There are 2 protein chains.
Amino acid sequence: MQITSRFTIAVHIITAIDYFKGMYRVNSEFLAGSAGVNPVIVRTVIGMLREAGIVETRRGAGGAELKKPLDKITFYDIYMAVDSVNEEEGLFHFHEQPNPDCPVGRNIHKALGARLKAVQKTMEEEMKKVTVDDVVKETRRAIMEESAQTIESESNADIREEK
Amino acid sequence: MQITSRFTIAVHIITAIDYFKGMYRVNSEFLAGSAGVNPVIVRTVIGMLREAGIVETRRGAGGAELKKPLDKITFYDIYMAVDSVNEEEGLFHFHEQPNPDCPVGRNIHKALGARLKAVQKTMEEEMKKVTVDDVVKETRRAIMEESAQTIESESNADIREEK
DNA sequence: GATAGTTGTAATATAACATATTACAACTAA
DNA sequence: TTAGTTGTAATATGTTATATTACAACTATC
């Protein structure tokens, strides 16, 4: 099982909001086109990012913009914002009915649960060390290299642009 | 989304195999009763643990036993054995159709994927540090405390036993 | 202030996947 | 030979994520 794609969609959205700001009206339709998902999903994810104070949106006119500098938005912030993992249940799925009539069944949960929580914590701490800025910078670099190659190959000027 | 309960079931099974060895015939039915899951699930999980060289089973007579000492079985071993996370796809679910006509859409995957893989790696390294022995020891301690309390309270001798 | 375009959200549908269940052939200890 | 068990396939059920449809609330702009 995997952590919801809302997480990677959120990172994509934030990156795109930053990249296209000023160039396009960055609304849910536009972002949905970039990420290849449904506009309603984008609105849902953006709604969650808004509640977390990461983006700002406007009805009517449309368009989203960032409320925090990229290097202050960690993977953990996003992970929490989009409810990547159920708060109560945690990352690991427990089998729910260990037999209370069995000594192992009624006593393992505590020992196991504590250790799984610790593993999850380790992962989350690691996510605090990564920011969207890291992704944006590398993505921008990749885009530049891409166009550099196009020029290098002296092919022609049909540089593809997003619609 | 969560990591499959096969993982916690596997830890439970290994713990129970150790705890009840010699006392009961530890077959899939018995273990299913302890963990509160279907016997076929137990057989499936045990099958995966067998392929990983962690347990041994016998047809006919039934019963499973451990092939490795508890302190040599790490959470990571089990996590890998029961395919907790899809080998190719990883822990994080990527939105699969980022728009190739969009510079962000066709360039973000690499930067984002590398960082998610690193996070996953951190988690897995942490899982290598925990062994089933840790869980078994604490569970045994809990069981002892439990019966100590029963004696302490001088209630009576109706110490519950697994069926 | 009417209009056109957008967000926020509910309701529902579809798809994907995990777990449960049924069934039975292969096997083994006694 | 028998009784009991494993291994596994096939199928059912349940749960969750994502997609889709629909529309009221809202806002910039003409």
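Numbered from 1 within each chain, the chains take letters A, B, ... in sequence-line order. Since this is a predicted model, take the numbers as computed values, not measurements.
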| said: I'd like to know if A:Glu126 pairs up with A:Lys129 as an ion pair, taking the criterion as any Lys NZ or Arg NE/NH1/NH2 lying under 4.0 Å from an Asp or Glu carboxylate oxygen. | reply: yes
| request: Using atom CD1 of B:Ile3 as one end and atom P of C:dC17 as the other, report the distance to the nearest whole Å. | output: 16 Å
| Most 5' of A:Pro39 and B:Gly47 on DNA chain D, judged by nearest nucleotide | B:Gly47
| said: Which residues in residues 48-59 of chain B have a heavy atom closer than 4.0 Å to any atom of DNA chain D? | reply: B:Arg50, B:Thr57, B:Arg58, B:Arg59
| task | Side chain of B:Ser28 only, please: which of D:dT6, C:dA18, C:dA20 is the nearest? | result | D:dT6
| request: In whole angstrom, give the distance that lies between atom CD of B:Glu29 and atom P of C:dT22. | output: 12 Å
| Rounded interatomic separation in angstrom, taking CD1 from A:Ile9 and C1' from D:dA17 | 10 Å
| request: Measure from CD1 on A:Ile17 to C1' on C:dT7 and round the result to the nearest Å. | output: 13 Å
| request: Please state whether the phosphate of C:dT19, meaning OP1 or OP2, lies under 4.0 angstrom from any side-chain nitrogen or oxygen of B:Ser5. | output: yes
| remark: One should read off an interatomic distance between B:Arg43 CZ and B:Leu31 CG, to the nearest 0.5 angstrom, of 11.0 Å
| query | So does B:Arg25 reach the base of D:dT5 with its side chain, donor to acceptor, closer than 3.5 Å? | reply | no
| field | Flag, side chain of B:Asp77 to backbone of B:Thr74, donor-acceptor distance under 3.5 Å | value | yes
| query | Side chain of A:Arg6, base of D:dT18: donor and acceptor closer than 3.5 Å? | reply | no
| said: Is there a side-chain contact between B:His93 and the phosphate of C:dA16, meaning an N or O under 4.0 Å from OP1 or OP2? | reply: no
| Spacing between B:Glu65 atom CD and D:dT5 atom P, to the nearest angstrom | 16 Å
| said: Can you confirm whether more than 12 heavy atoms, excluding those of A:Glu29, are under 6.0 Å from its CD atom? | reply: no
| said: Rounded to whole Å, how long is the line connecting atom CZ of A:Phe30 with atom C1' of C:dG5? | reply: 17 Å
| note | Atom CD of A:Gln2 and atom C1' of D:dT16 are separated, to the nearest Å, by 13 Å
| task | Among the candidates C:dA20, D:dT6, C:dA10, find the nucleotide nearest to the side-chain atoms of A:Val40. | result | C:dA10
| Length of the CG-P vector between B:Asn27 and D:dG4, whole Å | 12 Å
| said: Over all strands shown, is A:Asn38 touching base, sugar-phosphate only, or nothing at heavy-atom distances under 4.0 angstrom? | reply: base
| Intermediate values then yes/no, side-chain contact (heavy atoms from CB on, under 4.5 Å), A:Arg25 and A:Phe30 | CA-CA 8 Å; A:Arg25 180 137 31 109; A:Phe30 179 88; over 6 Å; no
| task | Determine, step by step, whether B:Lys137 and B:Asp71 satisfy the salt bridge (Lys or Arg N to Asp or Glu O under 4.0 Å) criterion, reporting the C-alpha distance in whole Å, the side-chain angles of both residues, the deciding distance to 0.1 Å, and the verdict. | result | CA-CA 10 Å; B:Lys137 281 207 177 108; B:Asp71 63 354; over 6 Å; no
| task | In sequence, state the C-alpha distance, the side-chain angles, and the governing distance for A:Phe92 and A:Leu112, and then conclude on side-chain contact (heavy atoms from CB on, under 4.5 Å). | result | CA-CA 10 Å; A:Phe92 293 87; A:Leu112 182 48; over 6 Å; no
